[in-house]
Protein chains: 2
Amino acid sequence: MNKSETKVLVALERVGGFASAQEIHRILQRGSQSIGLTTVYRALQSLLNDKIVDLLRKDDGEAIYRLCGETHHHHLVCKSCGATVEIEGGAIEKWAKNIATQHGYTDIGHMAEIFGLCSKCST
Amino acid sequence: MNKSETKVLVALERVGGFASAQEIHRILQRGSQSIGLTTVYRALQSLLNDKIVDLLRKDDGEAIYRLCGETHHHHLVCKSCGATVEIEGGAIEKWAKNIATQHGYTDIGHMAEIFGLCSKCST
DNA sequence: TCACAGAATGAAAATGATTGTCATTTTCAG
DNA sequence: CTGAAAATGACAATCATTTTCATTCTGTGA
């Protein structure tokens, strides 16, 4: 674990959720922890290898990262205004694990989002 | 449904699985169905809107498309080779509906994907 | 049939994330 | 201290995707 990897981890802790490489870079630039964008990418690769961070993809394909081991949750998003509620996914975790092992898959992850119209927008 | 959308559909039928926009373009170029790359992207957007094709992401973030069946289902995808199993989502449908109404959301949809390593790739 | 508005097309340029290059700096064991 | 190896970051390159814009098609009403 070298210096820049540590900086990236600190940034990820600060955001407390997902962040793209570019966001992490911006955050570090703002503070006194200036670090090159290239190095951010390299640090993230390395942290991925060591399974210290998780990689997901936004809808547009951009990679977003988060610390592993943070509690995993899902989102309920309003299609119209974007209001978001965080959701615990107990039921889904089990469902995903069952289905996957049932088909011989291992090293399982999953993604789930619910969308709809929030009470304000559904008038 | 215009001419280029049809061509893209035909190409997708031919591959019988996933294909990226660029692959579809290459396939059509080879045959006598020449069509511009831009148009392939536009046709895919349109087919996505009409829910005639499905969009997934490869590990590297590239978008891949395929024809989607009539029934609403979810996917169990191998992170390494892309092997896909279609899944019925009974449990999830209920979960999504419960959570959403619980928070006052209406007109509900959802998305769920499970990924892992298939038995072949997990060796 | 003709004229014309609007949609469709595609070549080329723009965009934006990610990766490669390479010269410079830091680290550290001997 | 000293040289080798690792780390760093500015910059250029790559690659999928989107935009732009000029051109071609298409259908409709006269």
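First the proteins, then the strands, lettered A, B, ... as listed; each starts at 1.
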Expressed in angstrom and rounded to an integer, what is the separation of [X] atom [atom1] from [N] atom [atom2]?
X	N	atom1	atom2	value
Gln29(A)	dG9(D)	CD	C1'	11 Å
Glu5(A)	dT8(D)	CD	C1'	13 Å
Leu44(B)	dG10(C)	CG	P	14 Å

Could you tell me whether the phosphate oxygens of [N], OP1 or OP2, come under 4.0 Å of any side-chain nitrogen or oxygen in [X]?
X	N	value
Thr39(B)	dT9(C)	no
Asn2(B)	dT9(C)	yes
Lys3(A)	dT27(C)	yes

- Item | Base-contact (B) and sugar-phosphate-only (S) positions in nucleotides 11-24 of chain C, heavy-atom cut-off under 4.0 Å, - elsewhere | BB----SBBB----
- What class does the angle between the rings of Trp95(B) and His74(A) fall in, given that below 30° is parallel, 30 to 60° is tilted and above 60° is perpendicular? perpendicular
- Item | Hydrophobic cluster identity match, Val40(B) and Leu9(B), side-chain contacts under 4.5 Å | yes
- Task: Check whether the side chains of Tyr65(A) and Glu23(A) place a donor and an acceptor atom closer than 3.5 Å, and report yes or no.
- Result: no
- Query: After noting the C-alpha distance and the side-chain angles of Thr101(A) and Ile108(A), does the key distance pass the side-chain contact (heavy atoms from CB on, under 4.5 Å) rule?
  - Reply: CA-CA 9 Å; Thr101(A) 48; Ile108(A) 298 156; 4.2 Å; yes
- Note on the structure: Nearest heavy-atom approach of Lys7(B) to Leu28(B) is O-CD2, 3.9 Å
- May I ask you to test the Glu13(B)-Leu67(B) pair for a side-chain heavy-atom distance under 4.5 Å?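 The answer is yes; the side chains approach within 4.5 Å.
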